[in-house]
Amino acid sequence: MLSVEEARARILAGLGPTPAEAVPLPEGWGRILARPVVARLTQPPADVSAMDGYAVRATDAALGARLAVVGSAPAGHPYEGTVGPGQAVRIFTGAFIPEGADGILLQEDAVAADGVVEVREAVRAGRWVRRRGLDFAEGEALIAPGRRLTARDIGLAAAANHPWLMVHRRPRIGILATGDEIALPGDPIPPGGIVSSNAHAIAAMVRAGGGDPLVLPIAPDDREAIAATASAARACDLLVTTGGASVGDHDLIQTALGQDGFALDFWKIAMRPGKPLIWGRLGATPVLGLPGNPVSAMVCAVQFLMPALAALSGAPAGPPPTIPVQAGAPLPENDKRFDHLRATLATDRDGRLVATPFPQQDSSMLKTLARAECLILRAPYAPALPEGAVVEAIPLDRLGL
């Protein structure tokens, strides 16, 4: 069986980013930048006032000086003249500094009457002046490719005069659930059957990872039906299957896709929950086969699908983020499989994060996974640890899950 790290590395090695596409600036939030954002102008474009007051020559604005107010400079309406000796121009925040002025007399430090302003606080040259290019200069690279764009990035791109952004196309992810026993929520449940949750959960994870899910019809345990349904996903960037990943009589993913040229890379990994995992290609389409057990499918998706989505999106891809936490209960010795313990998170009186695993960790319990806030990671053969020991955990909210 492969380790989690080796399996993830082999998955990511076979994936590349989707092509770039142009989107309007307001639609760039959350997308992965494909081309650098380079400033198309200088910001600010000239020296501007940082405060409301009077633009003056510092040499004229000593304490007690009286200056003639010769004009006004609101933002967007520059004063076209020059500030000469003994003169001042009324100015407002964001307005261009008039020629000849080199400082700002704050309005609260001035008394104005009858076209004259008296200086109540001496002015220093350059004080309250935002110099041209203080923020950025034309031609400066502002945002690097591979970044998931935030609201702050959108604001910066707008200030740099970009109405469009080049981002990677959202990965299209086909999702195929298999099994005679499963039915969609709300549909009649067959005898001995269950309601299918996998396709909906995986689709939600795809959206959280920045992809577009295509949920295919449920395929029964029939090789031809599985192959026919999977063929609809050949135009996708990745096909994710759930169920049928093991080697039982009804675990048909490998054999069903094999008749259409499926090339298997590996299956089976040393992790719990989620031992059966398939990775291969159906022609040019990568295929990730998740277990049918809902908890196993979602935990495997955390470790493998979410990094795969990052790679396809053009973002840095690697292991899910982890944080150090204190164990809220004793942890038993682990066996040969990399374990993921569903746990709650709380902050103790000293401000430390405490992760307390649920007493029951059965991989069929979706309610426990839904209530979990993190997954405590236990390496193969990890020794028993007492309550309070520091361990690593995956915070599920960091993944948008």
Side-chain angles (χ1 to χ4, degrees), residues 12 16-52 74-76 92-97 104 126 128-171 173 204-213 302 305-324 345 347 351 353 373-374 393-401:
L12 295 180
T18 58
E21 64 179 7
V23 298
L25 178 65
E27 296 179 17
W29 180 87
R31 303 294 295 272
I32 306 299
L33 193 65
R35 303 284 188 273
V37 172
V38 177
R40 301 174 67 188
L41 45 71
T42 294
Q43 180 68 15
D47 292 355
V48 299
S49 177
M51 302 289 283
D52 292 348
F92 299 88
T93 303
F96 287 8
I97 304 292
I104 302 298
W128 308 117
V129 175
R130 293 179 179 143
R131 295 299 184 190
R132 180 180 185 273
L134 173 66
D135 199 355
F136 51 81
E138 183 177 357
E140 182 180 345
L142 300 178
I143 311 175
R147 178 174 173 84
R148 189 177 298 278
L149 295 169
T150 66
R152 291 164 287 133
D153 296 324
I154 298 301
L156 178 57
N161 202 24
H162 282 270
W164 296 81
L165 296 172
M166 293 298 295
V167 298
H168 287 284
R169 174 177 54 74
R170 294 186 189 277
I173 311 299
M205 295 182 77
V206 167
R207 292 189 184 95
D212 285 331
V302 167
L305 175 58
M306 300 303 281
L309 282 166
L312 289 168
S313 300
T322 63
I323 55 173
L345 272 178
T347 304
L353 280 175
E373 294 159 305
C374 69
I394 299 172
L396 297 176
D397 62 342
R398 294 262 190 101
L399 299 172
L401 307 180

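Just so it is clear, the values below take in all heavy atoms, side chains as well, and ignore hydrogens, waters and symmetry mates.
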Inset, instruction - Side-chain contact test, heavy atoms from C-beta onward, threshold under 4.5 Å: evaluate it for L165 versus I143 and give yes or no. - result: no
Inset, instruction - Would you mind reporting whether M205 and L401 have side-chain heavy atoms less than 4.5 Å apart? - result: yes
Inset, instruction - Write down the atom of P171, the atom of G210, and the distance for their closest heavy-atom approach. - result: CD-O, 3.6 Å
Distance-only donor-acceptor hits, side chain of residues 19-45, under 3.5 Å, sequence neighbours excluded:
from	atom 1	to	atom 2	distance (Å)
E21	OE2	R31	NH2	2.6
R31	NH2	H168	O	3.0
R40	NH1	N161	O	2.7
T42	OG1	E138	N	3.1

Inset, instruction - Kindly compute the distance separating CG (L399) from CE (M306), expressed to the nearest 0.5 Å. - result: 5.5 Å
Legend entry - Selection residues 308-317 - residue pairs positive for side chain to side chain donor-acceptor pair (under 3.5 Å), sequence neighbours left out: none
Legend entry - salt bridge (Lys or Arg N to Asp or Glu O under 4.0 Å): pairs with one or both residues in residues 144-156, sequence neighbours excluded: R147-D153
Legend entry - Point-to-point distance, once rounded to the nearest 0.5 Å, from CG of L353 to OG1 of T347: 5.0 Å
Inset, instruction - Identify the heavy atoms of P316 and A310 that sit nearest to each other, and give their distance. - result: O-CB, 3.7 Å
Legend entry - side chain to side chain contact (heavy atoms under 4.5 Å, CB included) partners for P324, two or more places apart: V390, E392
Legend entry - Pairing residues for R398 by the side chain to side chain contact (heavy atoms under 4.5 Å, CB included) criterion, not counting sequence neighbours: P321, I323, P395
Inset, instruction - Could you check R131 against D47 for salt bridge (Lys or Arg N to Asp or Glu O under 4.0 Å), going step by step and ending with a plain yes or no? - result: CA-CA 4 Å; R131 295 299 184 190; D47 292 355; 3.0 Å; yes
Inset, instruction - Applying side chain to side chain donor-acceptor pair (under 3.5 Å), name anything that partners D52, two or more places apart in sequence or on another chain. - result: T93
Legend entry - R169: salt bridge (Lys or Arg N to Asp or Glu O under 4.0 Å) partners, not counting sequence neighbours: D237
Inset, instruction - List in chain and number order the residues that pass salt bridge (Lys or Arg N to Asp or Glu O under 4.0 Å) with R207, two or more places apart in sequence or in another chain; answer none if no residue qualifies. - result: none
